[in-house]
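Each remark here refers to the structure printed beneath this line.
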Number of protein chains: 4
Amino acid sequence: MGKKRGQKFDLIINAAVKVIAQNGYHHSQVSKIAKEAGVADGTIYLYFKNKEDILISLFEEKMGLFVEKSKEQLTKDLTIEEKLLLLIEMHLRQLEADHNLAIVTQLEIRQSNIQLRSRINKVLKGYLGLIDTILLEGMDNGFFPKSLDHRLARQVIFGAIDEVVTNWVMKEHRYELVPLAKPLCNMLLTGLKSNN
Amino acid sequence: MGKKRGQKFDLIINAAVKVIAQNGYHHSQVSKIAKEAGVADGTIYLYFKNKEDILISLFEEKMGLFVEKSKEQLTKDLTIEEKLLLLIEMHLRQLEADHNLAIVTQLEIRQSNIQLRSRINKVLKGYLGLIDTILLEGMDNGFFPKSLDHRLARQVIFGAIDEVVTNWVMKEHRYELVPLAKPLCNMLLTGLKSNN
Amino acid sequence: MGKKRGQKFDLIINAAVKVIAQNGYHHSQVSKIAKEAGVADGTIYLYFKNKEDILISLFEEKMGLFVEKSKEQLTKDLTIEEKLLLLIEMHLRQLEADHNLAIVTQLEIRQSNIQLRSRINKVLKGYLGLIDTILLEGMDNGFFPKSLDHRLARQVIFGAIDEVVTNWVMKEHRYELVPLAKPLCNMLLTGLKSNN
Amino acid sequence: MGKKRGQKFDLIINAAVKVIAQNGYHHSQVSKIAKEAGVADGTIYLYFKNKEDILISLFEEKMGLFVEKSKEQLTKDLTIEEKLLLLIEMHLRQLEADHNLAIVTQLEIRQSNIQLRSRINKVLKGYLGLIDTILLEGMDNGFFPKSLDHRLARQVIFGAIDEVVTNWVMKEHRYELVPLAKPLCNMLLTGLKSNN
DNA sequence: GATGAATGAGTGTTCATTCAT
DNA sequence: TATGAATGAACACTCATTCAT
């Protein structure tokens, strides 16, 4: 059964983002999502294998789109520094633009089984690939040292961004997120230590 | 109800770590934890308010202990650099020493409700306080620039360490964790960029 | 709605025999039968009132045909003994010739509601009528005693044949059925007791 | 999990006989049975694996008891003829004494999956064993011919009795059942044919 | 007639929690 | 304190049936 797409697919995905952000995954009954989407309960199962599949598909859909867009932007002729900044900015902008999505992404999706993590990780791999590309290009042109452990660096970059977003969600979006891109990027590039 | 302590309290906590790490939180029935602990189902409720309380108490107990130990270590007369390295090393060592605890800490505990996050965050605050202390001391003695946004820095440090541990857990502990402390610490202090 | 006949009617009936024999009635979704028949789900409802109607119609169709054929054969000029043997042989032969039909007839059809039994019984009545005809003719010509309780006798004959077939189906058709006609017929006619 | 017995086990079994006889198996919701038994829904699952298990356990319980009783009676010093008659009489009497049980036994239990049939058959085997014992003893002492196919004979006897009971149930118990034992027994022993 | 996407009623089962002993 | 049998609320999912095309 290849995944069916169509108007209803998006209808359900968007309803799910809203309902899950408001109630949390475990209190978001399938019937509640169906009602919000304006379809019958059973219709959900024409487009999704089960309730968990909604959550993961939602992530794949939204995050996949984001990765696509980002990949495209990063083909531009920019310096490594500009590319990293751009990526961070896009990341923060995307989530600041959709608070519900941010809640689902930073909190609810992490409630999924270890097994489901593999599907999540597949999507994440796409994102991490973008970071890797920047890192490798930078090592190639001397912006980063040849000796850089790029896997560790990738984890540091992703972990830092992710934590910044999560912190913003936990603080209930009480401050602006995008302005943090620049200082965050600098901190990652030059470190915390005074450079004198 | 003040929290009751006693032999059984620890018995249950340790059983929970084992059972939850093996089965995941949602497949760890209270009766399964009780059986592993060698107590009756009902006994659990003499020591814990409900199932979620086991999970959070477990975190409070183990993490609280860790923060205590760390705080103590950090009173030693060390450079800022040494202190940060020590903290990271202790963090990685504690989790590498107990794989089950690492699984619960990095994966399962995140499945808790948004509400429960507040109790988790309270514990985390203790840990983040340690980072802050180092950061502020460093800013004070010129190791870090006065202009450092220490809240952002704290998020970067925590996010990076956390991601490194999570990655290790997701990769099923297939490599050694503690050796990553040194390069991780350096990366955080001097950044990714080449220092020509 | 008079019953519609046509190519598709038979297509569906035959698909149903196959699907139900293989999966059991309760695991034979209408859509599965439709697929096997090569028609759309909705088409089923142009020919049958509901799912149960397929099961009963199937029985009516196959059994009705069998009763017709048998009635015809029994008009021949035969002794009572020959007629009974012929009936039993035809019964066993019909089911041995179509294992799937035998499964449906002996096992699956009995899963229908008490209400539906009335339609089944109507069909059976035709068959039982054949037995009655033989019994009454035999009582008339002295082959059977005048005192015979022919209703009881009919139940004994039908019950015995039915059980022999069911046993064969339950034993997964591991032996030949038709050869049992002769000894079964003898047993019914002369009883189990030694005749000396 | 060995089967738990106890007061509640019987309570539930008896409630199930009543509810299933009145509503049919498929319209006998577990909650309905629980209510009739005066226990909570969940309690059912302390004593039975699932809904089907209630049906089969019920049969095992009631039929098993009957087979025990019959086996005991048949140790008496009786002629073969008397033994067969006794068995038939007990069979008819047991079911005439409990109309609800008869409905479940003759109609509802047959709605179970082919898989569940194996558990049913295991119970039936006990009953069929009783018939076999009589047949073999009769062949041994010359009451039955040495050449008797006792497996076929067993099927004829069981099929006949079963059909007589089913017929009585389908006719909604409108006549007395036990009086049919004698003529039924005779018919099985001496056959239908006139013994000129 | 034929289709098949959409419907939504219906229920078995789990398991955290309680409480009489 | 400790027990564990009993509770009962809660819900994902199926699938027979409909109907607009």
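Fair warning: this is a prediction, and the values are worked out from it, not measured in the lab. Naming: A, B, ... by sequence-line order, numbering from 1 per chain. For the numbers below, each heavy atom of this structure counts, side chains included, while hydrogens, waters and symmetry mates do not.
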Using side-chain contact (heavy atoms from CB on, under 4.5 Å) as the criterion, list what pairs up with D/S31, not counting sequence neighbours. D/Q29, D/D41

Listing, residues 10-24 of chain A side-chain donor-acceptor contacts under 3.5 Å, not counting sequence neighbours, or none:
| from | atom 1 | to | atom 2 | distance (Å) |
| --- | --- | --- | --- | --- |
| A/N14 | OD1 | A/K62 | NZ | 3.0 |
| A/N14 | ND2 | A/D10 | O | 3.1 |
| A/K18 | NZ | A/E36 | OE2 | 3.2 |
| A/N23 | ND2 | A/V19 | O | 2.7 |

Among residues at least two apart in sequence or on other chains, which ones pass side chain to side chain donor-acceptor pair (under 3.5 Å) with B/E52? B/N113

Whole-Å distance, B/Y45 OH to F/dG4 P, equals 16 Å

Can you measure C/K49 atom NZ to F/dA16 atom C1' for me and round it to whole angstrom units? 13 Å

Just the dot-bracket of DNA chain F, please: which string comes out with Watson-Crick or G-U pairs under 3.5 Å, [ ] for crossing, | for another strand? .||||||||||||||||||||

Sorted by chain and number, sequence neighbours left out, side chain to side chain donor-acceptor pair (under 3.5 Å) with B/T43 holds for none

Without decimals, in angstroms, what is the distance between A/Q7 CD and E/dA5 P? 15 Å

From CA spacing to verdict: side-chain contact (heavy atoms from CB on, under 4.5 Å), D/L55, D/V104: CA-CA 9 Å; D/L55 186 63; D/V104 175; 4.1 Å; yes

Which residues pass the ring pair (Phe, Tyr, Trp, His ring centres under 6.0 Å) test with B/H27, sequence neighbours left out? none

Atom OH of B/Y47 and atom C1' of E/dT17 are separated, to the nearest Å, by 18 Å

Per the salt bridge (charged side-chain N to carboxylate O under 4.0 Å, His left out) rule, what does the pair list look like for residues 19-30 of chain D, sequence neighbours excluded? none

Interatomic distance where CD1 belongs to A/I54 and C1' belongs to F/dC11 [whole Å]: 13 Å

Residues from residues 10-22 of chain D sitting under 4.0 Å of DNA chain E, heavy atoms only? none

Classify the ring geometry of A/F48 against A/F9: parallel below 30°, tilted from 30° to 60°, perpendicular beyond 60°. parallel

d(CG, A/D53; P, F/dA12) in whole Å: 14 Å

By salt bridge (Lys or Arg N to Asp or Glu O under 4.0 Å) - contacts of C/R110 (at least two apart): C/D162

Mind calculating the distance between CZ (D/F48) and C1' (E/dT14) to the nearest angstrom? 18 Å

For D/Q7, enumerate each residue passing the side chain to side chain donor-acceptor pair (under 3.5 Å) test, keeping only those at least two apart in sequence or located in another chain. none

Between D/E52 and B/S31, whichever has its closest DNA chain E nucleotide further toward 5' is D/E52

Rounded interatomic separation in angstrom, taking CG from C/N23 and C1' from F/dC15: 15 Å

All N/O contacts under 3.5 Å from nucleotides 7-11 of chain E to the protein, with atom names and distances to one decimal?
| from | atom 1 | to | atom 2 | distance (Å) |
| --- | --- | --- | --- | --- |
| E/dT7 | OP2 | A/A40 | N | 3.2 |
| E/dT7 | OP2 | A/T43 | OG1 | 2.3 |
| E/dG8 | N7 | A/G42 | N | 3.0 |
| E/dT11 | OP1 | D/Q29 | NE2 | 3.1 |
| E/dT11 | OP2 | D/Q29 | NE2 | 3.3 |

Partners meeting side chain to side chain donor-acceptor pair (under 3.5 Å) with A/T166 (sequence neighbours left out): A/Q106

